[in-house]
Amino acid sequence: MEHESAAGEAEGRTRILVAVAWPYASGPRHIGHVAGFGVPSDIFARYHRLKGNDVLMVSGTDEHGTPIMVAADREGVSPAQLAQRFNGLIREDLERLGLSYDIFTRTTTRNHYRVTQDVFKTLYDKGFIVRQTMLGAFSESTGRTLPDRYIEGTCPNCGFSEARGDQCDHCGRQLDPTDLLEPRSRIDGSRPVFRETEHFFLDLPAFSERLSEWIGAQEHWRPNVRAFSANLVDELRPRAITRDLDWGVPIPLEAYDGLDDKRIYVWFDAVIGYLSAAVEWARNRGTPDAWREWWQDPSARHYYFMGKDNIVFHAVIWPSMLMGYGQGGEVGADRGELGLPHDIVSSEFLTMEGKKFSSSRGVAIYVNDFLSRYDPDPLRYFLTVAGPESQDTDFTWAEFVRRNNDELLANWGNLVNRTLASAYKNFGAVPEPGVLTDDDEALLQAVEAGFATVGSLIEAARFRAALVEAMQIAARANQYVSEQAPWAKLEADRARAGTILSVTLRAIDGLKVLLAPVLPFTSQLLHELLGYEGQLSGRVVSRDEVEEDGSAHAVLGGDYGAATGRWEPSQLPAGQRLQQPRPLYRKLDADEVVAGELARMERAAADGC
RNA sequence: GGCGGCGUAGCUCAGUUGGUUAGAGCAGCGGAAUCAUAAUCCGCGUGUCGGAGGUUCGAGUCCUCCCGCCGCUACCA
């Protein structure tokens, strides 16, 4: 496909924005969350970096909104304190999983407030944000907005006593909170009061034609995303983007100066994070305009990764905001239109031993808990090969152990181990190859071909197929080793045995790169065992960033530019010293893991009730 | 209710514009090998492709209806 001449490479670089959904800082994240937005986006970003493209991968914790206030109240801390704590925990989870963000920040930074207010103000000045009065529900005790879903009562239609403010789960009827008989707050049981309140509304119908045309042209989107989005555009209504709360980005209009009871709605500011994080990243590295190369250069491509429950925000609301913002505002500064999403990669949901994840019911496997007992690559492997890429899938411990032992370890781990052990013991270095036979060439060809096939599958966001393809090449190499049986030739024809091992080492050196987007930690280990120095893909680190006002916050980032890995076949030099081999993966005891983890879940469920 | 999805070998699933005898992995059975974390390799799969109609020369793949499961339904994120 690609002709990779040294000259062609520099010109062929593409700027790619990898925009990853912002985890909500109301609690620790479970493996379903990282299955949806985390691992897929990281595979994509790592691949494009190896390929030589200019990747900017941005995200952060989403820290505003009612659920955080409710959780903070429950713990007797401020929303800021609660968000601070979970930002730290989530950051740690993502770092341990090896998610290679260029910046993972948060929505409570001064920078984010400034960018959000600029977007709001610009849309307001252009007439895309309008004021409207509506009837809102309030908690009498706190004076705050009570979102529809926090209100329950008796359904006027079927009499179900636990109907929610927006919908009755019993009869399925859509409701308005004012319809409920005996309404009460799910937070403290008090009776909500309804009163007139003025809010700002995003005029979505103003964009409906452009949206419709734009979505219609996105033939490369996953069919479910496209169909769902197209359907949404047919019935757009103006949407309230402020709330009666004191936790959120303040409304940047003079009339609201100093007023503490109305803030910008969390979703409006959360999606702006994709832009504000890029601005922050550029400033932090001392090139304050560098973000424009991704956001205001039409050749840059934007890929968004999220769970399916977020499609509406990414396919309709955020694009509307971008269209409305146009050349900007203070931030945009008339330097070009902001780019629209090129692809919206939405995944389905992961269930847990057949049940939907639910923290309150103890149906959850938290990332930090998981990684305290198991390694990140087996989890990344599982979530890629058996994750909810195109339909809901189920996580079971038995299946996790099986995938680890019988696929990852047995096929790939064993191929590496048997090859390295033999080469190390008998040669200590990469053997000098003799003349290659047709079988030797065929194996090397198969690996080389993988760079095109695996690569194009990743580019199309078909991660499962890409991984299966790479694993099939590993199986092909195992087949080659068994057929050639180098161990049987060591005595009689040591040179031929050396050639076979040299060919196999080159094959696993290539496979190491093909698998690196999915398995970065063990690819790095293998890189070192093969005698290389330095980083194959770069490392993710946490560091403090200081803002203009002197306040500091931690962000996740990395220097990936120094990495030496390239998306191309092995150049493993003969004679390179090998390191003492050690296994890439641990074999797990099925009975022990399954029994232990199920017991753990039952305890958690018991605690939750 | 509306929208969308799923239902394919014992299990988990591939099958992207309809086209040769419907595939993979795992489990199972037989064999080879023993370099390797008992990890590998070879051989063995007739399953009403949820059910019923229809379109077509031809449908797992399109249309209609039905059955079962699930998700979303935008002021929780």
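In this text the structure is predicted, and so the values were computed from the model without any measurement. So that the names make sense, note that chain A is the first sequence line, chain B the second, and so on, each numbered from 1.
Within the 4.5 Å cutoff, the side chain of A:Glu63 has no heavy atoms near those of the A:Gln84 side chain. The shortest side-chain heavy-atom distance between A:Phe138 and A:Thr197 falls under the 4.5 Å cut-off. Looking only at side-chain heavy atoms (C-beta outward), A:Ile264 and A:Ile251 come within less than 4.5 Å of each other.
Distance noted for atom C1' between B:G19 and B:G60: 13 Å (whole Å). Going from the C1' atom of B:C57 to that of B:U40 covers 48 Å, rounded to whole Å. Nucleotides B:G45 and B:C70 are separated by 30 Å at their C1' atoms, to the nearest Å. Between B:U55 and B:C63, the two C1' atoms lie 7 Å apart (nearest whole Å). For the C1' atoms, the distance linking B:A27 with B:C35 amounts to 27 Å, nearest Å. Comparing the same atom, C1', in B:U61 and in B:G7 gives a spacing of 15 Å after rounding to whole Å. Atom C1' of B:G53 sits at a distance of 31 Å from the matching atom of B:G10, rounded to the whole Å. Straight-line distance between the C1' atoms of B:G4 and B:U46: roughly 35 Å, to the nearest whole Å.
Following rounding to the nearest Å, A:Arg237 (CZ) and B:U73 (P) show an atom-to-atom distance of 13 Å. Distance A:Leu457 CG to B:G15 P: 11 Å, rounded to the nearest Å. A:Lys308 has its NZ atom 10 Å from the P atom of B:U73, to the nearest Å. Following rounding to the nearest Å, A:Ile317 (CD1) and B:C72 (C1') show an atom-to-atom distance of 14 Å. Rounded to a whole Å, the CZ atom of A:Arg403 is 15 Å from the P atom of B:C11. As a whole-Å value, the separation of A:Trp397 CH2 from B:C11 P is 24 Å. At whole-Å resolution of the value, CZ in A:Phe382 and C1' in B:U12 are 9 Å apart. A straight line from CD of A:Glu389 to C1' of B:C13 spans 12 Å, rounded to a whole angstrom.
Among the atoms of the strands shown, base atoms are found under 4.0 Å from some heavy atom of A:Val312. A:Leu236 comes within contact range of at least one nucleobase, with a heavy-atom separation under 4.0 Å. Looking at heavy-atom distances under 4.0 Å, A:Trp22 makes no contact with the nucleic acid at all.
The number of heavy atoms from other shown groups lying within 6.0 Å of CZ (A:Arg91) is above 12.
Annotation: A:Trp214 is not in aromatic contact with A:Phe207 [ring centroid separation under 6.0 Å not met]. Aromatic ring centres of A:Tyr274 and A:His314 lie closer together than 6.0 Å.
The phosphate of B:G15 has neither OP1 nor OP2 within less than 4.0 Å of any side-chain N or O from A:Arg464.
One finds a salt bridge joining A:Asp440 and A:Arg496 here, because a Lys/Arg side-chain nitrogen approaches an Asp/Glu carboxylate oxygen to under 4.0 Å. With respect to the salt-bridge test (charged N to carboxylate O, under 4.0 angstrom), the residues A:Lys512 and A:Asp509 qualify.
Side-chain atoms of A:Arg462 and base atoms of B:U16 include a donor and an acceptor less than 3.5 Å apart.
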Sugar-phosphate or base contact per nucleotide [nucleotides 34-42 of chain B; S, B, -; heavy atom under 4.0 Å]: SBBB-BSSS
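The distance from the CG atom of A:Leu245 to the CZ atom of A:Arg263 is 9.0 Å, given to the nearest 0.5 Å. The distance from the CE atom of A:Met321 to the CG atom of A:Leu202 is 7.0 Å, given to the nearest 0.5 Å.
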Bracket string, RNA chain B, 5' to 3' - pairs by Watson-Crick or G-U geometry under 3.5 Å, | interstrand: (((((((..((((.....[...)))).(((((.......))))).....(((((..]....))))))))))))....
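Nearest-nucleotide assignment on RNA chain B puts the 5′-proximal partner with A:Thr393, out of A:Gly65 and A:Thr393. In terms of position on RNA chain B, the residue among A:Ala240 and A:Phe349 whose nearest nucleotide sits closer to the 5' end is A:Phe349.
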For residues 416-429 of chain A, which side-chain N or O atoms pair as donor and acceptor with protein atoms under 3.5 Å away, sequence neighbours left out?
from     : atom 1 : to       : atom 2 : distance (Å)
A:Arg418 : NH1    : A:Asn478 : OD1    : 2.9
A:Thr419 : OG1    : A:Leu415 : O      : 2.6
A:Asn426 : ND2    : A:Ser422 : O      : 2.9

